Amino acid sequence: MDDTVSQPFFTLGTRLPGRLGRTGTIHTPHGEIQTPAFIAVGTNATVKAVLPETMKELGTQAVLANAYHLYLQPGPDIVDGAGGLGRFMNWPGPTFTDSGGFQVMSLGVGFKKVLSMDSVGVQSDDVIAVGKERLAHVDDDGVTFKSHRDGSRHRFTPEISMSIQHRLGADIIFAFDELTTLFNTRGYQEESVERTQAWAVRCIAEHERLTAERSHRPYQALFGVVQGAQYEDLRRQACRGLESIVGESGTGFDGYGIGGALEKQNLGTIVRWCNEELPEHKPRHLLGISEPDDLFVAIENGADTFDCVNPSRVARNAAIYTTTGRFNINTSRFRRDYNPIDDECDCYTCKNYSRAYLHHLFKSKEMLSSTLATIHNERFTIRLVDRIRESIEGGYFDDLKSETLGRFYATSRV
């Protein structure tokens with residue numbers, strides 16, 4: 001086994017006084033991650049429209065790919081044969097893969113990449129996107145689903161998810177969990193927390209078996225995933241349950257992911273519930289956030305890393321983040337605007353191109369529009385989290401939060 005497993009996986013840095021926020025360092029076989037850190041999403045082993053070398057230049061510390069998508073195409077054996085995810089995509093740094101649970105369930109009920117962050121509405125355990133067919137069915141052993149690509153039938157269990165992720169070879173992998181929505185009933189949420197707990201036990205066991213079997217590969221850290229939706233008792237129960245799980249080696253999870261659909265208005269509270277229960281000497285990853293206000297509130301409540309498709313996804317639709325808010329670059333007011341996207345940004349796009357040029361690219365439907373816009377949005381997000389980390393270490397977190405959010409949200413949201 002790789003020597004990395006014998007050294008500390010996570011070391012704490014500076015604490016945010018009076019709150020759960022902190023800085024730290026995650027040590028992986030492919031480099032260190034200084035936390036808090038934004039993990040760029042490369043769904044299909046690529047951040048859409050941007051070279052891996054460019055992502056490195058933007059300050060990206062790690063990338064996350066999706067086990068579900070790579071399982072369907074090209075297949076985990078192809079990635080394994082290349083030497084693992086990093087080598088396959090020519091990314092030299094740390095890598096993450098999710099368990100596939102999010103995609104199996106969100107795509108299975110037709111929601112694609114977005115689940116509601118508002119629980120207002122009718123609760124139903126049969127929730128499904130309008131006009132869609134349910135493609136995923138859960139039982140206590142796992143999930144049977146149809147591929148969103150070709151309709152072929154597949155089965156994920158905790159053991160299968162572990163097998164896929166071990167072959168993908170990421171430095172940090174996640175236990176297979178059941179994703180619920182904010183619309184599921186309380187009763188179903190209770191069942192789901194218990195089911196995810198049982199699956200976590202199986203994931204630990206299979207992870208240990210595969211780690212021993214694949215000792216020629218670097219050690220992969222396994223994170224348990226906390227569910228429980230918007231319910232405090234279920235979130236705390238889930239955290240305590242995951243922390244109690246240990247394998248035959250006597251060790252438990254290397255870190256934890258806080259998952260599920262989260263109410264935006266209660267994001268900080270839910271993250272705090274979890275991090276008050278989870279061990280402070282292990283890292284916590286919050287799945288699926290990147291808006292500036294969410295980043296600040298998640299970090300001050302103890303989140304160390306987070307991933308989200310949003311910076312790149314909205315960029316491809318001409319939505320641009322700046323220090324003074326978000327706007328759509330394809331609107332007519334930018335047609336003759338020869339200024340950079342953001343005077344305060346140090347990215348390649350802002351140094352070399354004007355708003356008028358990006359406006360032209362989007363109007364002309366040129367592929368370069370997605371590349372330049374994504375470069376900027378990813379850099380904006382990465383740089384913001386870097387500045388937050390520096391503010392914790394420098395003792396001016398609250399000042400940075402007030403100034404940053406005051407400027408960004410000075411005008412109404414787009």
Side-chain angles (χ1 to χ4, degrees), residues 36-41 47-50 54-55 58-60 112-118 262-265 267-268 286-299 303 306-363 365-366 368-388 391 400-414:
F38 177 73
I39 313 302
V41 174
V47 177
K48 286 182 173 58
V50 181
T54 303
M55 292 304 299
L58 295 177
T60 309
K112 294 190 177 180
K113 298 173 184 173
V114 180
L115 291 177
S116 173
M117 290 183 76
D118 185 351
L262 300 168
E263 291 180 302
K264 184 177 179 69
Q265 64 270 33
L267 176 67
L286 181 57
L287 294 114
I289 68 154
S290 66
E291 291 296 307
D293 55 341
D294 294 336
L295 291 171
F296 276 99
V297 77
I299 289 170
F306 6 79
D307 69 274
C308 193
V309 298
N310 213 49
S312 58
R313 187 183 69 230
V314 303
R316 298 192 300 277
N317 291 295
I320 305 295
Y321 289 93
T322 74
T323 51
T324 55
R326 176 177 145 179
F327 58 78
N328 292 329
I329 196 72
N330 59 355
T331 56
S332 60
R333 67 189 176 105
F334 297 112
R335 187 180 178 195
R336 297 180 184 276
D337 189 337
Y338 302 108
N339 294 301
I341 292 175
D342 189 342
D343 289 327
E344 299 178 33
C345 182
D346 59 1
C347 80
Y348 172 82
T349 302
C350 288
K351 286 181 178 179
N352 293 282
Y353 299 97
S354 68
R355 294 177 173 187
Y357 184 62
L358 261 73
H359 173 88
H360 157 69
L361 292 177
F362 276 105
K363 286 298 184 180
K365 301 187 186 310
E366 289 287 344
L368 185 57
S369 61
S370 293
T371 299
L372 295 180
T374 301
I375 285 172
H376 171 76
N377 279 1
E378 291 285 353
R379 177 56 183 159
F380 173 87
T381 308
I382 292 163
R383 183 167 174 251
L384 174 58
V385 177
D386 287 348
R387 292 177 66 209
I388 295 174
S391 77
L400 178 67
K401 177 182 177 181
S402 177
E403 177 191 356
T404 302
L405 299 186
R407 294 182 68 194
F408 189 85
Y409 297 109
T411 56
S412 60
R413 291 174 183 266
V414 177

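In what follows, every heavy atom counts, from backbone to side chain, and hydrogens, waters and symmetry copies are set aside. Count residues from 1 along the sequence. In this text, all values refer to a predicted model and were calculated from it rather than measured experimentally.
Under a 3.5 Å cut-off, the side chain of Arg326 and the backbone N or O of Ile320 do not form any donor-acceptor pair. Between the side chain of Thr349 and the backbone N or O of Leu372, at least one donor-acceptor pair lies under 3.5 Å.
Side chains of Ser354 and Phe334 form no contact here, defined as non-hydrogen atoms less than 4.5 Å apart. Contact of the Val385 side chain with the Phe306 side chain is registered, since non-hydrogen atoms from C-beta on lie closer than 4.5 Å. Two residues are said to be in side-chain contact when any heavy atoms from C-beta on lie closer than 4.5 Å; Leu286 and Leu262 meet this criterion. For the pair His376/Asp342, a side-chain contact is recorded, criterion being any heavy-atom separation below 4.5 Å from C-beta on. Leu295 places a side-chain heavy atom less than 4.5 Å from the side chain of Thr381. A heavy-atom distance below 4.5 Å is found between the side chains of Glu291 and Tyr409. Two residues are said to be in side-chain contact when any heavy atoms from C-beta on lie closer than 4.5 Å; Phe362 and Ile329 meet this criterion. Looking at Asn310 and Tyr321, their side chains come closer than 4.5 Å, going by heavy atoms from C-beta outward.
Among all heavy-atom pairs drawn from Ala319 and Asn377, the shortest one is O-ND2, 2.9 Å. When every heavy atom of Ala49 is checked against every heavy atom of Thr371, the shortest pair comes out as O-OG1, 2.8 Å. Listed here is the closest heavy atom pair of Val297 and Gly268: CG2-CA, 3.6 Å. Closest of all the heavy-atom pairs between Arg383 and Cys345 is NH1-CA, 4.3 Å. Residues Leu361 and Ser369 approach most closely at CB-CB, 3.6 Å, considering heavy atoms. The two residues Pro340 and Arg355 make their nearest non-hydrogen contact at O-NE, 3.1 Å.
When the side chain to side chain donor-acceptor pair (under 3.5 Å) test is applied to Asp307, the partners found at least two apart in sequence or on another chain are His285. Not a single ring pair (Phe, Tyr, Trp, His ring centres under 6.0 Å) links Phe38 to another residue, sequence neighbours left out.
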Just do the side-chain contact (heavy atoms from CB on, under 4.5 Å) check on Lys48 and Val309 with the steps written out, would you? CA-CA 10 Å; Lys48 286 182 173 58; Val309 298; over 6 Å; no
Criterion side-chain contact (heavy atoms from CB on, under 4.5 Å) on Glu378 and Val50, from CA distance to verdict: CA-CA 10 Å; Glu378 291 285 353; Val50 181; 5.9 Å; no
Mind running salt bridge (charged side-chain N to carboxylate O under 4.0 Å, His left out) on Arg387 and Glu403 for me, showing each step along the way? CA-CA 12 Å; Arg387 292 177 66 209; Glu403 177 191 356; 5.0 Å; no
Mind running side-chain contact (heavy atoms from CB on, under 4.5 Å) on Leu405 and Phe296 for me, showing each step along the way? CA-CA 9 Å; Leu405 299 186; Phe296 276 99; 3.8 Å; yes
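Between the OH atom of Tyr357 and the OH atom of Tyr338 there is a distance of 13.5 Å, given to the nearest 0.5 Å. Here the straight-line distance linking atom CD1 of Ile341 with atom OG1 of Thr322 works out to 9.0 Å at 0.5 Å rounding. Once rounded to the nearest 0.5 Å, the distance linking CZ of Arg333 with NE2 of His359 reads 11.5 Å. With rounding to the nearest 0.5 angstrom, the CD1 atom of Ile289 is 7.5 Å from the CD1 atom of Ile299. Residue Lys363 holds its NZ atom at 8.0 Å from OG1 of Thr331, rounded to the nearest 0.5 Å. Rounded to the nearest 0.5 angstrom, Ile375 CD1 and Ser370 OG are separated by 11.0 Å.
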